[in-house]
2 protein chains.
Amino acid sequence: MLTEKEKRAFQDYLTQEGLKFSLQRMKIFETVLAGLKHLTANEIYKNVQKKYPGIGYATIYRTLRLLCDAGFCTELKCEDGACRYEQAFVNAHHDHLICTKCGRFVEVVDPQIERLQIRLFKINGFLPQRHRMELYGVCKQCRK
Amino acid sequence: MLTEKEKRAFQDYLTQEGLKFSLQRMKIFETVLAGLKHLTANEIYKNVQKKYPGIGYATIYRTLRLLCDAGFCTELKCEDGACRYEQAFVNAHHDHLICTKCGRFVEVVDPQIERLQIRLFKINGFLPQRHRMELYGVCKQCRK
DNA sequence: CTAAATATTGATAATGAGTATCAATATTAT
DNA sequence: ATAATATTGATACTCATTATCAATATTTAG
């Protein structure tokens, strides 16, 4: 369930951008924020349909874009070709450890790596914007 | 142009795997190895067509897969949704600095980061396999 | 060297993720 | 309550990639 703070933040964003409120948008927001896992657009679609049958695919994509633009969630282009979304309301930046057997995602941040990345940008004359780092391996469970 | 060593390595791989030699495969191999840039399948297709008109799309994709499996090239899933390929015959592992304005790719490796990545795998109980790291920013030229 | 066995090819249909279009509907401001 | 405007759902479309399959090429065995 959404907290009041989250709901308000979303509604404020809509108002601020001159966008309209809709139940569909709220349901999608809710699903994304509730999502513990890294869901594809299709998974989110099916999930939202449970609470709001009749919602269209296009609305899912449109709203996911909106949520990403707003900074409420981030998009992660995966190796299987689909995008996965994760809420960024509570979560700060992080990278991913991904199990190549079971697909499990582990969120990680290494401040030292972050610092060295900035150094790499600088050394090469780049103005840093963002990065993505994915570490693929086999998790403990899957090695047994 | 391909060196004898490269040609031989490719032919040896085919033989070893019980695959057949074909001019198409060799032309694609040649194009990929010659490619300095990070080409999409479509760019490789157009490139190969110059030397070998009549080649089909499917053959491009099939052969790129083969080359990746063989380790002669690597696939890079880009943000624009297409894959880009780069030869891995001479090139060792590296990550990418990508300019978000002009699209320029700079290949980078930071041994310290590599070491810290391994540490991250270990800390989380993962058996390391591979990783990808992309740093997005604005290059010197584009900042002017 | 030839023929049979088998892999590869090119054309094209199919898939799957994501986007564009547009008339119907809902929200907001007046 | 109404007019102005944004959003929606259905669906057609795009684009990258994969699957299918008959025709063709390569390899192997004789």
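In what follows, every heavy atom counts, from backbone to side chain, and hydrogens, waters and symmetry copies are set aside. Proteins come first, then strands; the chains are lettered A, B, ... in the order of their sequence lines, and each starts at number 1.
We find that CG of B:Leu39 is positioned 16 Å from C1' of D:dA16, with the value rounded to whole Å. Rounding to whole angstrom units, CG of residue A:Leu66 and C1' of C:dG18 are separated by 17 Å. Summarising the geometry, the separation between CG on A:Asn42 and P on C:dG18 is reported as 9 Å, rounded to the nearest angstrom. Put simply, CG on A:Leu64 is 16 Å from C1' on D:dT7, counting in whole angstrom units. Distance B:Arg84 CZ to D:dC15 P: 15 Å, rounded to the nearest Å. One can place OH of A:Tyr45 at 11 Å from P of D:dT11, the figure rounded to the nearest angstrom.
Within residues 6-29 of chain B, the residues approached by DNA chain D to less than 4.0 Å at the level of any non-hydrogen atom are B:Lys20, B:Phe21, in residue-number order. Of the residues in residues 49-60 of chain B, those with a non-hydrogen atom less than 4.0 angstrom from any atom of DNA chain D are B:Ala58.
One cannot find a donor-acceptor pair under 3.5 Å joining the base of C:dG18 and the side-chain atoms of A:Arg62.
There is no side-chain donor-acceptor pair under 3.5 Å between A:His38 and A:Glu43. Using modelled atom types, one finds no donor on one side chain facing an acceptor on the other under 3.5 Å when comparing A:Thr59 with A:Gln24. No hydrogens or angles considered: a donor-acceptor pair under 3.5 Å links the side chains of B:Glu75 and B:Tyr85. Side-chain polar atoms of B:Glu107 and B:His93 form no donor-acceptor pair below 3.5 angstrom.
Each end of the helix from C:dC1-D:dG30 to C:dT30-D:dA1 gets its own axis, taken as the rotation carrying the C1' atoms of four end pairs onto the next four within a five-pair window, and the two axes meet at 30° to the nearest 10 degrees.
A salt bridge links A:Arg132 to A:Glu134: one of the charged nitrogens lies within less than 4.0 Å of a carboxylate oxygen.
A donor-acceptor pair is defined here as one N or O able to donate and one able to accept, closer than 3.5 Å; such a pair exists between the side chain of B:Thr31 and the backbone of B:Lys27. Between the B:Asn124 side chain and the B:Phe126 main chain, no donor and acceptor come within less than 3.5 Å of each other.
Listed by first then second residue, pairs satisfying salt bridge (Lys or Arg N to Asp or Glu O under 4.0 Å) with a partner in residues 47-58 of chain A read A:Glu30-A:Lys51, not counting sequence neighbours. Applying the salt bridge (Lys or Arg N to Asp or Glu O under 4.0 Å) test to every pair with at least one member in residues 7-19 of chain A, sequence neighbours left out, gives these pairs: A:Glu4-A:Lys7.
Phosphate proximity of C:dT19 to A:Tyr61: absent, as no side-chain N or O sits under 4.0 Å from OP1 or OP2.
One hydrophobic cluster holds both B:Val32 and B:Leu19 under the rule that ILVMFWY side chains link at heavy-atom gaps under 4.5 Å.
When the side chain to side chain donor-acceptor pair (under 3.5 Å) test is applied to A:Arg130, the partners found at least two apart in sequence or on another chain are B:Glu79.
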